[in-house]
Amino acid sequence: MNSALFNLKDLPNRTSKPRNNGLTMVMDKGLSLREVENFLEIGSEYVDIVKLGFGTSFFTPNLKEKIKLYLNAGVPVYLGGTLFEAYIARNQFEDYINLLDKLELTHAEVSDGSLDMDHNVKCDYINKLSQRFTVFSEVGSKDAEKIIPPYEWIEQMETELAAGASKVIAEARESGTVGIFRGSGEVRSGLVAEIIRKIPQDNVLWEAPKKEQQVWFIQLYGTNVNLGNIAPNELLPLETLRYGLRGDSFHFFLNK
């Protein structure tokens, strides 16, 4: 960061890496090795973790080399939850663990957004994986027609954290039109408020791929809210929102 060069006063108190809050999770949906190198040249200071979205890792050439680029830059990587579900649907949990080991990953996602799974079974997977990996568990359905009441979101988040999840991810997909958002992309503000009343904010990572969604969370919950499903080319624009250096958040952090 060029803070010394610009000498700009009264910026918000942004956490620094490695951090427990203010996380930014970027979704890589198929970057090449060269694109990863270019991304890390600009963004390694600002990205906390990268998700190789859904099943894209299955088709990624030079996958091990790509993961090494991220890890060598101090950026953990995990595979998309849909790939986890694909292994579970085929009764291949041990094969999934072997895959994580072969790729030398330290993080894993557990989700049930596409696969109907008993919640106790999901928590058992979280518990088993958490013995060896940092687990992010995703709550919410990818089905826009499936509306989960707030008390179920809260119960699932509480039990998944108790099972060993480091963070719970509030589902939105890369489109930002399901889960905690309506089909229009509007935040289900009542649902978010209910969750925040019961679940510590630092334990939740909100998927918020759209700028207006990021602005909403930053305005209400501050510069160090955890946000995910950020496109690589939106990483620095998000950081400007977090600092009030973009018109959408310009007045959020000015001293009155």
Side-chain angles (χ1 to χ4, degrees), residues 18 23-37 39-40 44 47-142 156 159-161 163-174 205 207 209 226 228-232:
L23 297 182
T24 297
M25 178 266 278
V26 165
M27 179 185 278
D28 175 339
K29 296 194 291 184
L31 297 180
S32 68
L33 295 181
R34 181 62 57 84
E35 287 172 324
V36 171
E37 290 173 343
F39 167 69
L40 289 171
S44 62
V47 58
D48 296 280
I49 191 163
V50 165
K51 172 168 65 175
L52 304 183
F54 29 100
T56 55
S57 56
F58 186 89
F59 302 97
T60 300
N62 304 310
L63 177 61
K64 289 185 177 181
E65 291 85 346
K66 179 178 184 175
I67 290 173
K68 284 289 186 184
L69 287 174
Y70 282 122
L71 298 183
N72 289 341
V75 180
V77 177
Y78 67 94
L79 306 179
T82 303
L83 187 65
F84 163 80
E85 295 179 50
Y87 272 84
I88 298 305
R90 293 164 175 81
N91 297 311
Q92 291 183 264
F93 181 57
E94 292 302 322
D95 289 330
Y96 182 74
I97 293 177
N98 291 336
L99 173 66
L100 300 184
D101 287 337
K102 290 176 183 177
L103 296 176
E104 300 182 25
L105 298 179
T106 58
H107 290 62
E109 179 179 337
V110 174
S111 68
D112 58 354
S114 299
L115 179 67
D116 287 331
M117 186 187 304
D118 181 89
H119 194 247
N120 290 328
V121 172
K122 182 183 181 184
C123 287
D124 187 51
Y125 286 128
I126 292 170
N127 182 259
K128 289 177 179 176
L129 285 168
S130 68
Q131 306 305 312
R132 296 185 47 209
F133 305 93
T134 299
V135 176
F136 285 12
S137 66
E138 189 172 71
V139 176
S141 175
K142 289 178 170 58
Q156 290 179 24
T159 53
E160 291 175 24
L161 288 167
S166 172
K167 305 282 185 196
V168 285
I169 302 172
E171 171 73 75
R173 300 193 73 173
E174 72 277 10
L205 191 151
E207 292 187 342
N226 299 320
N229 279 14
I230 308 303

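This structure is a prediction, so every number in the text was calculated from the model and none was measured.
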#### Entry: Gap separating the CG atom of Leu71 from the NZ atom of Lys66, nearest 0.5 angstrom
12.5 Å
## Note on the structure
Residues at least two apart in sequence or cross-chain that pass salt bridge (Lys or Arg N to Asp or Glu O under 4.0 Å) with Glu65, listed by chain then number, are none
### Message
Are Cys123 and Glu160 packed together at the side-chain level, in the sense that at least one heavy-atom pair is separated by less than 4.5 angstrom?
### Response
yes
### Residues forming a side chain to side chain contact (heavy atoms under 4.5 Å, CB included) with Ala231, sequence neighbours excluded
Asn233, Glu234
### Task
Search all heavy atoms of Ser137 against all heavy atoms of Ile126 and return the closest pair with its distance.
CB-CD1, 3.6 Å
### Task
Of all the heavy-atom pairs spanning Leu100 and Ala108, show the shortest one and how long it is.
CD1-CB, 3.8 Å
### Message
Do Ile67 and Leu52 make a side-chain contact, defined as non-hydrogen atoms from C-beta onward lying under 4.5 Å apart?
### Response
yes
### Message
Please list all pairs meeting ring-ring contact (aromatic ring centres under 6.0 Å, His included) that have one or both residues in residues 108-130, counting only residues at least two apart or in different chains.
### Response
Phe84-Tyr125, Phe93-Tyr125
### Residues which pass side chain to side chain donor-acceptor pair (under 3.5 Å) with Ser166, listed by chain and number, not counting sequence neighbours
none
#### Entry: Side-chain donor or acceptor of Ser32 paired with backbone N/O of Glu35 under 3.5 Å
yes
### Message
I need the Leu129 CG to Gln131 CD distance, nearest 0.5 Å.
### Response
9.5 Å
## Note on the structure
Contacts of Asp95 meeting side chain to side chain contact (heavy atoms under 4.5 Å, CB included) (sequence neighbours excluded), chain-then-number -> Tyr87, Gln92, Asn98
### Message
As an exercise, state the distance from CG of Leu23 to CG of Asn226, rounded to the nearest 0.5 Å.
### Response
4.5 Å
### Test salt bridge (Lys or Arg N to Asp or Glu O under 4.0 Å) applied to Arg90 - qualifying residues, sequence neighbours left out
none
### Query
Do Leu103 and Leu63 touch side chain to side chain, with heavy atoms closer than 4.5 Å?
yes
### Task
For the residue pair Val168 and Glu138, establish whether any side-chain heavy-atom pair is separated by less than 4.5 Å.
no
### Message
What's the separation between atom CG in Leu40 and atom CG in Leu69, rounded to the nearest 0.5 Å?
### Response
7.0 Å
### Query
Just how far is it from atom CG of Leu33 to atom OG1 of Thr60, taken to the nearest 0.5 Å?
9.5 Å
### Task
Mind checking side chain to side chain contact (heavy atoms under 4.5 Å, CB included) for Asp112 and listing every partner two or more places apart, or none if nothing turns up?
Met117, Lys122
Check residues 72-80 and write down every donor-acceptor pair under 3.5 Å in which the side-chain atom is one partner and the other belongs to a residue at least two apart or another chain.
residue : atom : partner : partner atom : Å
Asn72   : ND2  : Lys68   : O            : 3.2

### Message
List the residues meeting salt bridge (Lys or Arg N to Asp or Glu O under 4.0 Å) with Glu37, not counting sequence neighbours, and say none if there are none.
### Response
Arg34
#### Entry: salt bridge (Lys or Arg N to Asp or Glu O under 4.0 Å) partners for Lys167, two or more places apart
none
### Counterpart residues, side chain to side chain donor-acceptor pair (under 3.5 Å), relative to Tyr70 (two or more places apart)
Asp28
### Query
When rounded to the nearest 0.5 angstrom, what distance separates NZ in Lys51 from CD1 in Ile169?
5.5 Å
### Message
Using modelled atom types and a 3.5 Å cut-off, is there a donor and acceptor pairing between side-chain atoms of Asp48 and backbone atoms of Thr24?
### Response
yes
### Query
Minimum heavy-atom separation for Leu83 to Ser57, with atom names?
CD2-OG, 3.5 Å
### Message
Applying side chain to side chain donor-acceptor pair (under 3.5 Å), can you list everything that pairs with Asp101, at least two apart in sequence or on another chain?
### Response
Arg132
### Flag, side chain of Asn229 to backbone of Pro209, donor-acceptor distance under 3.5 Å
no
## Note on the structure
Smallest heavy-atom separation, Phe54 atom then Met27 atom, equals CE2-SD, 4.2 Å
### Message
Would you say CG of Asp118 has more than 12 non-hydrogen atoms from neighbouring residues, nucleotides or ligands within 6.0 angstrom?
### Response
yes
### Query
Okay, side chain of Glu85, backbone of Ser114: is any donor-acceptor separation there less than 3.5 Å?
yes
